[in-house]
Structures are given as structure tokens and as C-alpha cells.
**Student:** 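This is the structure I have questions about; it appears just below.
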Amino acid sequence: MATMTVSVNGETVVVPPGSTVAQLLVQLGLGGKTVAVERNRAIVPRAQHATAELQANDQLEVVTFVGGG
Amino acid sequence: MTDTWTLAGRQWKSRIIVGTGKYANNAETTAALDASGAEIVTVALRRVDLKSGAPTVLDAIDRKRYVLLPNTAGCYTADEAIRTLHLARELGMDELVKLEVIGDPKTLFPDNTATVEAATRLVKEGFKVLPYCSDDLITCKRLADAGCLAVMPLAAPIGSGLGIRNPHNIRLIIDNVNVPVIVDAGVGTASDAAIAMELGCTAVLMNTGIAGAQKPVLMAEAMRLAVDGGRKAFLAGRMPRRDYANASSPTAGLIE
């Protein structure tokens, strides 16, 4: 089966071609979690996670809130 | 006596804003927030740890009880801070943001020029901005003019616990800026918080002063009481200082 790679938070992740942002989050164990996604420096709004298809070599940032002052 | 303050069109009872960093675990975070009496709590934004399924700080914060105040800690440019707050907005924050643009890693002193630039852009985008800044009146005036809802001058370097290093500057800011003044950073113990409030600050923001104590939950309560005590002392108006004694007991009627 063909695969492609994307970068998530600086780590290489292998995904099936045609994966969406929502499918990537499920693959990472983040389905349903409070996260925000940036792809190639542009935010992918939550409402578009299910339709936004990943392209090979996309650079993704997946962030959340952590404790801080 | 009802003594509230207004920010972003809302009345607040609590005058302490607390951070959520550096606690031993989520249970301690939850207990400290409760003991502090805070209504607003700060959070930071970071990459998700892809290898860890550990609970997140959001599990420790009752969103019905506390308003989230996302910060831009670790940002060294206006662009980085704005990018961070765009992501915070996407995460579903409340409407307030704590802007900090750091200028130096050793002191964590703010880059005031970049902070004013970032604040100006964020206000235009509709953010409700609370900026961390130096205890400098002119910077505070520029931030207020830019449309910030409050100014948050430091008392001392972040996490230093050195207390109010320059109470005179804080008082000048309070007297000359037309938005609430919230001392942010450097409060190390209860008396520091009381001094900030006695100077006339509207509120105090702290994290390490509580989380870094031997017993954080007890210190959170101490800070709540100190802020309350300092505020009441400010409203009461302290007695004038004098150089020599002034007897409290009558000088007449002494036995001979």
C-alpha cells in the first residue's frame, strides 16, 4: 500500500495517501481532544478537519493548552 | 462591602489571577486554584506531546468556574506572539489574552517595543489584550493608548520571587494610566501581594509565588487573604508615617 509522510511537531509521521487532518488526529490518538492544527503556517479551522486532505511533506503543528503563567 | 472591578465588560470579585504552571500534578493545580479564589487563570500553548497520553492542564480547570487567559510565554517577536494567539483562539479560549513578548532569556524582561507593536495589531484584530511589560510609565501609557484593557507591569523578574522592586514606579503607573494596573511577575510571598494591593493595583497575577511554595495550596490561600487585606488597607487609607513616636495611650492622668 502506498504511503506518504508528513511532519507533525517536527516528527515524521507516515499516513495513508488521501488522509484528512481529522484522520491524522485519530491516528495520533488525539481524536476528540482539544487541539489546534496549523498546516504550513496556516490554521486549519476545526470545521475543516474532516475535509482538509494532507499533502506529502506537509508541515503540521498540533498544539494544546498546558500549564503556564 | 461589594468591591468589584470591571474588565471586558464583566464584573470581577477576585483580584488575584493565577498561573497553572509548575504544579506537581493536576490535583494540586485544582486545589491551588480553588484556594486562591481566582476567577481568571493563565495557560500556555505548546505542541502536543505525541508520545504521552498524560492528562492535560485542561483536565484540572473547571471551564464553567474559571476564565482561561492564554499567554504568549516563550515568544520573542510580535509575529510569534500573534501566531500563538491565533492558535489559542482556534483552541476555543475565552476572550482575554495575556500578551508577553520576551526580550532576553536570562531576565525574561519584556521587549516593550515589540509588545506595543503586537498589542496594536491584536487590538485591531479584536483581541482583548492584557500585556506584561516593564514597570515603565511611558510603555504603560502606549499600551493603554493602543487599546489594551489593562497593563501588567512586572514587580520583579518572572519566577524570581523578589517582590515589588520599585513600588514608586508602580504607584506612578497607577496614578497616570487610565486602565486597571495588574502587577504581574515577581510576587514571592503574601506580603508582596499585599504591598501591590496597598499601592492601589487593581489585581495581582502570580504563578511561581504559589506553585513554588513548600505547600502550594496553603500559599494560594495566603495569597488570597493578602490580596484581600492589601485591598482593604488601600481603601481604608493608611495612617501618615512619622519619624518619632506618638503615644497611643493618654498622656494625661498618669499615677504619681
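Residue numbering restarts at 1 for every chain, and letters A, B, ... go by the order of the sequence lines.
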**Student:** Taking every non-hydrogen pair under 4.5 Å, which of A:P45, A:G29, A:G10, A:G67 racks up the most with chain B?
**Tutor:** A:G67
**Student:** Which pair of heavy atoms, one from A:F65 and one from B:V57, lies closest together, and at what distance?
**Tutor:** O-CG1, 3.6 Å
**Student:** Please rank A:E38, A:E61, A:E11 by heavy-atom pairs under 4.5 Å with chain B and give me the top one.
**Tutor:** A:E38
**Student:** Just give me the residue among B:I17, B:N207, B:N71, B:T42 that pairs up with chain A most often, heavy atom to heavy atom, under 4.5 Å.
**Tutor:** B:T42
**Student:** So which part of B:I61 gets closer than 4.5 Å to some heavy atom of chain A, the side chain, the backbone, both or neither?
**Tutor:** neither
**Student:** Please check if atom CZ in A:R41 has more than 12 non-hydrogen atoms from other residues, nucleotides or ligands closer than 6.0 Å.
**Tutor:** no
**Student:** May I ask you to decide if A:V66's main-chain N or O and B:R46's side chain share a donor-acceptor pair within less than 3.5 Å?
**Tutor:** no
**Student:** What part of A:V44 is in contact with chain B, defined as an atom under 4.5 angstrom from a non-hydrogen atom: side chain, backbone, both or neither?
**Tutor:** backbone
**Student:** B:L87 pairs by side chain to side chain contact (heavy atoms under 4.5 Å, CB included) with which of A:I43, A:V62, A:V37?
**Tutor:** A:I43
**Student:** Where do B:L91 and A:V63 come nearest, in terms of heavy atoms and distance?
**Tutor:** CD2-O, 3.8 Å
**Student:** Checking heavy atoms, do the side chain of B:L68, its backbone, both or neither come under 4.5 Å from chain A?
**Tutor:** side chain
**Student:** If you compare all heavy atoms of A:R46 against all heavy atoms of B:E90, which two are closest, and at what distance to 0.1 Å?
**Tutor:** N-OE2, 2.6 Å
**Student:** Please name the pair of heavy atoms, one in A:L30 and one in B:V48, separated by the smallest distance, quoted to 0.1 Å.
**Tutor:** CD2-CG1, 3.6 Å
**Student:** Check each atom of B:A88 against the heavy atoms of chain A and say whether the ones under 4.5 Å are side chain, backbone, both or neither.
**Tutor:** both
**Student:** If you count heavy-atom pairs under 4.5 Å between each of B:G21, B:A44, B:G19 and chain A, which one has the most?
**Tutor:** B:A44
**Student:** Verify side chain to side chain contact (heavy atoms under 4.5 Å, CB included) between A:T34 and B:T56, making sure each step is shown before the conclusion.
**Tutor:** CA-CA 10 Å; A:T34 305; B:T56 74; over 6 Å; no
**Student:** Please classify the contact between B:K98 and chain A as side chain, backbone, both or neither, with a heavy-atom cut-off of under 4.5 Å.
**Tutor:** side chain
